[in-house]
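Worksheet: the structure to be examined is printed underneath.
Naming: A, B, ... by sequence-line order, numbering from 1 per chain. Basis for what follows: all heavy atoms, side chains included, without hydrogens, waters or symmetry-related copies.
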Protein chains: 2
Amino acid sequence: MDTIKILKELNFTEYEAKAYLALLEKSPLSGYAISLSSGVPRSKIYEVLAGLVERGEVMMSHENTALYSPVPPKELINMKKQRAKISFEMAEKALENYSYLSLNRENIWNISGRDAIMSRVKEVIKSAKERILIEIWREDAEEIEEELRQAANSGVEVLVVSYGEITFDFGQIYPHDASEEITEEYGGRWIILSVDDHEVVAGIVSLGDDSRAAWTMHPSLVMPITEVIVHDLYIHEMLVAHRETLEASFGPNLVDLRKRFNFGPSGYSFAAKLGLVNKG
Amino acid sequence: MDTIKILKELNFTEYEAKAYLALLEKSPLSGYAISLSSGVPRSKIYEVLAGLVERGEVMMSHENTALYSPVPPKELINMKKQRAKISFEMAEKALENYSYLSLNRENIWNISGRDAIMSRVKEVIKSAKERILIEIWREDAEEIEEELRQAANSGVEVLVVSYGEITFDFGQIYPHDASEEITEEYGGRWIILSVDDHEVVAGIVSLGDDSRAAWTMHPSLVMPITEVIVHDLYIHEMLVAHRETLEASFGPNLVDLRKRFNFGPSGYSFAAKLGLVNKG
DNA sequence: ATGTAGTCGCTACAGGGGTAACTACTAAAT
DNA sequence: ATTTAGTAGTTACCCCTGTAGCGACTACAT
């Protein structure tokens, strides 16, 4: 990946990133030389360097002709970390009073972006008192393993329907007869979480910043979504007990059974069912 | 301090900060209501909210009229921390190859800003093999205590001339007969650090981002600057051994002695001596 | 009519990115 | 000794985007 992009994430401008990288390649250099090797126009190099010097990211030597040298990368990153830490602490202090809010229980809240969704999932798991039902892919399970373990240790019943092999040392895992096909059908991996039968989070989490999910306590949504998971548990139990019989009727795996209904790429969409469609 | 400013540090724009704070005060709210209570113009509130929703900083509910609700502050900060952490890790990986640099030993490097100076000081201390001489104020000593302790534990001789009471459980501390007067004379608290008699960092550190310092291995500068500290040690020893005699000659404290020379606010400036004057 | 909800269009300004041209110094090349 | 070319530094513009701020306009419900 592009080093310049990464530096931009740390609040460098493109010119600043180019100048700094040029200095890492070779130093010390004059402004003119930096301009040549970095591609930053000579006309801009001095203000760019002045900015970097002011923020302590490069050092300057006042010879007859000024020379510049980069602060070593490790030191640079430590400085930035330190500053970020202070910003976070100040923000925490400033916002700690606004502790919490009365969310209307009748609303459905949309959550955008994988980070935000996983964050919400973790918080909801932490709030669990009695039972957690969760349907989740192996790829995403690791990220919330710790939160689930804490819940389980606090006496919360943890039931996991897993797509792909998940091995937790707590709770009960019910592997789902999944196939790649199912993932493609719904456009990605999803998470369905139901906590204490009164709060659910559901949505697709494999699309990075385009992932979308819903979070609600609305009873008439919590009920059916919880049931989705419960049904998957039933089916699992049925398969365990009577696989031969069922396969004789419906074929070698459950995907074929699904096709007997109107499910499928053009059928009744899971996303639509959850109210997740990107409006109209 | 202003909460909006703090949020701006976390990459909120002013409008975004105002909208988010309004939602913390009361939620859920419609876009219109947020506009009223936040002061963000109605004409801008929807794009501002769209940005916040996209980054997962507020949640949205698609009722007949859209409602917005903030992600709780703690969760917000955790998300941002997570992202920052990832940015730092990527930057570390991207820059780890450029680890070293060939600095011309004849140059004097200017360092701007307290953070950058303290960072440089710490690195130089870490590089010490034999002896560290440092002149430092009580207020600044704490920040580098850990680095100095590590050096002392590795067998490096640590000699500290302290302004104000410093109590380290390692090295040797020589309290300086300092007065407020001296600080004012030179415009702030300074640090003078000399490592292994071949590298020095010296400058003023009490002016925040306006603090400036020099770092050099230039032998003809390292020598006299190291001597500055050594002389302070000599004077300390002289005072310990013969305080009565000396005070009989020069008055009750050393500040009076200083005045017998051309030192003082209008005299020969320490900053100038170190080449720290902000050019001409 | 009034309050609520949302949209469109415009101005102004700052910062970042990009080009051209102008001065001045220095060091070979003629 | 003068020209030429490269090095070094500076000034003046240009465009574009994002943010901030203002006003007006639609729509709908009570």
Salt bridge or not between A:Glu57 and A:Lys80? Use side-chain N to carboxylate O under 4.0 Å.
yes
5' to 3' contact window, DNA chain C with chain B (heavy-atom distance under 4.0 Å):
C:dT4 to C:dG9
How would you list all residue pairs meeting salt bridge (Lys or Arg N to Asp or Glu O under 4.0 Å) that involve residues 33-50 of chain A, not counting sequence neighbours?
none
Starting from the C-alpha separation in whole Å, work towards a yes-or-no answer on side-chain contact (heavy atoms from CB on, under 4.5 Å) for B:Leu95 and A:Leu21.
CA-CA 9 Å; B:Leu95 298 179; A:Leu21 288 176; 4.0 Å; yes
Note, A:Arg114 side chain near A:Glu143 side chain (heavy atom, < 4.5 Å):
yes
At under 4.0 Å between heavy atoms, which parts of nucleotides 23-30 of chain D does protein reach? Answer with one letter per nucleotide, 5' to 3': B base, S sugar-phosphate only, - none.
B-------
Under-3.5 Å N/O pairs linking protein and nucleotides 17-20 of chain D:
residue, atom, partner, partner atom, Å
D:dA20, OP1, B:Glu14, N, 2.7
D:dA20, OP2, B:Thr13, OG1, 3.2
D:dA20, N7, B:Lys44, NZ, 3.4
D:dA20, N6, B:Lys44, NZ, 3.4

Please report the C-alpha distance between A:Val58 and A:Tyr68 in whole Å, then the side-chain angles of each, then the deciding distance to 0.1 Å, and finally whether the side-chain contact (heavy atoms from CB on, under 4.5 Å) criterion is met.
CA-CA 7 Å; A:Val58 316; A:Tyr68 298 85; 4.2 Å; yes
If you measure from the Lys or Arg side-chain nitrogens to the Asp or Glu carboxylate oxygens, is any gap between B:Arg55 and B:Glu16 under 4.0 Å?
yes
Can you list everything that forms a salt bridge (Lys or Arg N to Asp or Glu O under 4.0 Å) with A:Asp197? Sequence neighbours excluded, please.
A:Arg131
I'd like to check the side chain to side chain contact (heavy atoms under 4.5 Å, CB included) partners of A:Glu14; sequence neighbours left out, ordered by chain and number.
A:Ile4, A:Lys8, A:Lys18
Looking at A:Glu147 and A:Lys126, is any side-chain nitrogen of the basic one under 4.0 Å from a carboxylate oxygen of the acidic one?
no
Parallel, tilted or perpendicular, judged at 30° and 60°: which one describes the rings of B:Phe12 and B:Tyr20?
tilted
Measure from OH on A:Tyr32 to P on D:dT7 and round the result to the nearest Å.
5 Å
